[in-house]
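Input: a single structure, listed below in structure tokens.
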Amino acid sequence: MADRSPAPDTPELRDRWGGFAFTETYKAKADEAIARYPDGRQKSAVMPLLDLAQRQVGEETDTQGWLPLPVIEYVAEYLDMPVIRVLEVATFYFMYNLKPVGKYHVQVCGTTPCMLRGSDALFETCKKRGMVKGHVSQDGLWTLTEVECMGNCATAPMAQINDDNYEDLTPERLDAVLDALAAGEQPKPGTQEPGRHTSEPSDGVTTLKEMVDANYDYRSEW
Amino acid sequence: MPKVTVDGQEIEVPDGATVLQACELAGKEIPRFCYHERLSIAGNCRMCLVEVKPGPPKPQASCALPAADGQEIRTDTKMVKTAREGVMEFLLINHPLDCPICDQGGECDLQDQSMTYGRGATRYHENKRAVTEKYMGPLIKTIMTRCIHCTRCVRFSEEIAGVDEIGAVGRGEDMQITTYLEQAAEHELSANVIDLCPVGALTSRPYAFEARPWELKKTMSIDVSDAVGANIRLDSRGREVMRALPRINDAVNEEWLSDKGRYQVDGLGKRRLDKVFLRKDGKLAASTWDEAFGTIADRLGSDKSSIGAVAGDMLDCETMFAAKALIKACGSSFIEGRQTGMNYDVSNLAAVNFNSGLAGIETADAILIVGSHVRWEAPLVNVRLRKAAKRGAKIFLVGPLWDTTFPAEFLGTDLAVLNDLPGHVSDAFEAAERPAIIMGGAALARGALNAGLAFAETFGLVKEDWNGFNVLHFSAARMGGLMLGFAQSGGMADIAAANPNVLLSLGADETDYAPFANSLKVYIGHHGDKGAHAADIVLPGASFAEKDGTYVNTEGRVQFAEKAVFAPGDAREDWTILRALADALGVKVGFDSFAELQSAMIAEVPALGEEGVASFGALPKADMNAKAEGSIDRYPIADFYLTNPIARASAVMQQCSAELFHGDELAEAAE
């Protein structure tokens with residue numbers, strides 16, 4: 001599991017991120033998130049705001065983004081809440097990165113269904129490309145993390161790379177996805193199995209066959 | 001009122017009670033770690049499992065389950081027993097078995113409950129987790145490997161103290177309790193988390209490895225660091241007070257204690273006056289009682305009436321009464337307790353009392369605080385104010401800004417605002433059912449008492465079952481002194497104008513002695529502080545821990561403190577010094593023993609003989625023309641940690657002052 005301690009509070013970190021503030025675009029989104037809650041309950045928007053802050057940091061550093069301590073403090077101040085409460089949230093959810101990550105955060109699932117369907121080979125593939133678990137690769141492009149179940153067991157094994165899931169992976173398919181990303185292209189998210197649309201049975205439909213093409217009312221057959 | 005059955009016993013419980021409370025009402029002990037009466041319910045330790053029907057066929061956490069009519073609760077079944085054993089086993093998986101080197105040993109909830117409810121032996125052979133220690137300031141020592149994540153400390157700092165400092169970062173096995181960036185917990189009640197911690201994760205840093213609970217003598221005492229009169233227990237070993245802990249008293253301190261009351265006790269062993277000193281050639285030199293008494297008698301001569309007494313902030317009523325008796329026997333009436341020179345009117349003590357009561361102020365719905373830095377002057381009253389604010393009370397303050405722990409509005413520093421309140425403020429007080437005003441020392445010093453009474457009259461602060469007029473003192477001796485008549489109409493200035501030959505200073509360390517340059521200043525006290533420096537004769541007395549005594553807190557509550565240890569060296573209990581001095585001066589004070597002294601005191605002021613809140617009758621008729629004027633530019637307390645001679649002698653309080661109060665300045669100076 002990834003190390004969940006925040007990046008150390010150094011003068012360099014303060015220098016780089018001390019002046020962090022939402023840009024116009026992100027500020028608008030943040031205020032929209034706050035407006036979803038009643039007056040005085042602005043704290044409820046802490047999770048979307050942390051996400052927005054992480055995305056803005058990502059844009060500024062051309063990575064997936066992470067949350068330096070001064071940025072966490074900025075969010076706390078923005079929502080008028082104690083910093084420790086924001087830090088609690090940020091350290092609880094794994095989707096918030098507390099240390100710098102690469103441009104692509106490759107999160108490969110290693111939980112039982114994915115492991116049985118060959119996730120070990122995916123880690124091997126990543127390793128061959130120079131990725132080390134919990135670290136940013138030399139070229140700054142990749143960060144590899146082993147994660148627990150992402151809920152794609154029907155299309156195991158899978159990896160989540162930034163905002164998209166890539167499922168039904170084999171070492172070759174993962175390589176293809178990573179190559180495309182490295183080349184600046186956007187590979188097709190979702191299942192990589194040819195002919196499969198989502199998580200339907202891979203060898204053809206066995207139930208609810210009438211539903212394949214159009215909606216069908218089964219109620220008369222109950 | 002739901003009716004429930006607990007282990008076959010049918011009882012009726014109050015609405016809103018939990019199953020745990022129902023079990024307690026039925027006299028059943030329910031083990032618990034995270035549940036605490038004064039904190040919100042977390043339900044995360046799972047130790048309080050019981051069997052409840054109707055409900056799912058599994059044990060239920062009783063602390064978070066509301067009691068409902070017809071519930072059948074069992075606390076003695078096999079299922080409950082094994083469930084508790086299981087929970088305890090899980091808790092002990094990651095808890096180190098280091099009881100022999102743990103300061104909590106002997107008073108540890110986990111230790112006690114594992115003995116009572118746990119399995120006999122462990123089945124766990126894997127490695128335990130280890131957690132790094134977290135710095136939480138000079139008072140709290142942390143050994144976080146012992147933490148069982150009950151989150152009592154987190155809830156305390158958020159709910160009671162109102163300063164969100166402690167939090168739980170990480171999740172699951174990696175959850176850790178910490179302050180943000182390991183900053184020191186910086187509020188006046190921080191050390192209460194030590195009492196709350198059910199294990200040895202948060203222990204007392206100054207008391208670390210000092211003593212075991214079973215070797216300490218426990219004495220019931222009263223905190224004298226402020227005028228709240230918190231009930232404390234002094235734990236002593238031999239002649240040394242090792243620590244002070246709060247006792248539960250819902251009417252006064254609930255179960256909290258300010259950091260100063262808790263940690264100033266190490267000052268009881270430092271800078272003590274343990275010999276008689278006499279000023280010779282401008283320098284204080286060790287002397288004898290006889291010589292000192294002789295010098296006083298010589299100076300006083302045949303006309304003994306040129307004598308006055310000023311009482312300090314931490315005196316018990318008995319000492320003050322003995323001094324008063326001596327001064328009276330000498331034919332004088334110069335006694336004063338308001339040593340900083342305040343001279344508010346004390347003809348009616350109801351006008352200088354905290355009339356709504358410490359517990360009562362919680363129920364107020366509009367409060368005006370005039371000239372009081374409540375967090376420093378009475379941290380435990382601040383807790384009550386926070387409760388009132390949480391119940392929806394509107395709170396306004398007059399005075400310089402301070403960091404309130406509740407939503408409040410500052411109306412500026414100019415007292416004239418009392419004469420003409422802003423519209424929304426007067427609207428709030430007009431609409432309030434239980435309006436209250438709290439006058440602090442800074443307001444009294446600027447003569448705003450009458451304006452406060454006029455405010456009380458205008459807004460009807462006194463009702464059939466409610467008296468919202470409050471004065472918040474910060475000297476433990478103040479109310480007792482006023483009841484005993486330690487007040488001149490002109491305050492200290494009256495005594496200075498009389499230019500007495502002899503001035504008895506009873507532990508008065510905040511007095512300006514400059515006007516008494518011609519007087520023989522006799523300091524009777526326990527610490528070599530400002531008073532002793534100014535004195536011509538120093539007679540070593542006893543501190544609050546070294547004598548029995550009666551104290552009256554700011555709400556007029558008479559409380560009795562017991563003697564925990566003996567005073568060091570030649571120091572004597574103050575009343576015996578005054579009694580001996582009476583003999584040396586050839587006057588009769590009318591008592592030869594402490595019991596006689598007490599009965600004489602009670603005969604004069606009967607209220608001091610009854611523990612409980614003294615009644616001072618109705619408020620005086622307010623002078624509606626009274627106008628408040630002037631502005632409050634500062635509060636009387638400059639540094640919360642160093643307000644009295646004991647605290648100033650205490651190494652722990654000095655460290656707190658340096659680190660917590662002056663910490664920012666130090667950091668700036670370093671940069």
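Lettering of chains follows the sequences in order, A, B, ..., and the numbering in each one begins at 1.
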- Message: Just checking A:Lys127: does its NZ atom have more than 12 heavy atoms from other residues, nucleotides or ligands closer to it than 6.0 angstrom?
- Response: no
- Side-chain (A:Thr91) to main-chain (B:Val169) donor-acceptor, under 3.5 angstrom: no
- Other residues, nucleotides, ligands: >12 heavy atoms within 6.0 Å of B:Glu433 CD: no
- Message: Atom CD of residue position B:Glu133 - does it have more than 12 heavy atoms of other residues, nucleotides or ligands inside 6.0 Å?
- Response: yes
- Task: Measure across B:Arg171 and A:Tyr93 and return the closest heavy-atom pair with its distance rounded to 0.1 Å.
- Result: NH1-CA, 4.2 Å
- Message: For A:Lys43, I'd like to know if atom NZ has over 12 heavy atoms of other residues, nucleotides or ligands within 6.0 Å.
- Response: no
- Query: How far does CG of A:Leu87 sit from CG of B:Leu181, to the nearest 0.5 angstrom?
  - Reply: 7.5 Å
- For B:Tyr180 and A:Leu69 the tightest heavy-atom approach is OH-CD2, 3.6 Å
- Message: If you count every heavy atom of other residues, nucleotides or ligands that lies below 6.0 Å from B:Lys394 atom NZ, does the total exceed 12?
- Response: no
- Message: Keeping A:Glu88 on the side-chain end and B:Ala168 on the backbone end, is there a donor-acceptor pair under 3.5 Å?
- Response: yes
- Taking the side chain as every heavy atom from C-beta outward, state whether B:Gln183 and A:Val83 have any atom pair closer than 4.5 Å. no
- Note on the structure: Here the pair of heavy atoms bringing B:Asp164 nearest to A:Pro82 is CB-CG, 3.1 Å
- Are more than 12 heavy atoms from other residues, nucleotides or ligands located less than 6.0 Å from atom CZ of B:Arg205? yes
- Item | Validation row: B:Val154, A:Arg85 side chains within 4.5 angstrom (heavy atoms) | yes
- Item | Residue selection (most heavy-atom pairs with chain A, distance under 4.5 Å) from B:Glu158, B:Met175, B:Gln176 | B:Glu158
- Message: For B:Glu409, is the CD atom crowded, meaning more than 12 foreign heavy atoms sit under 6.0 Å from it?
- Response: yes
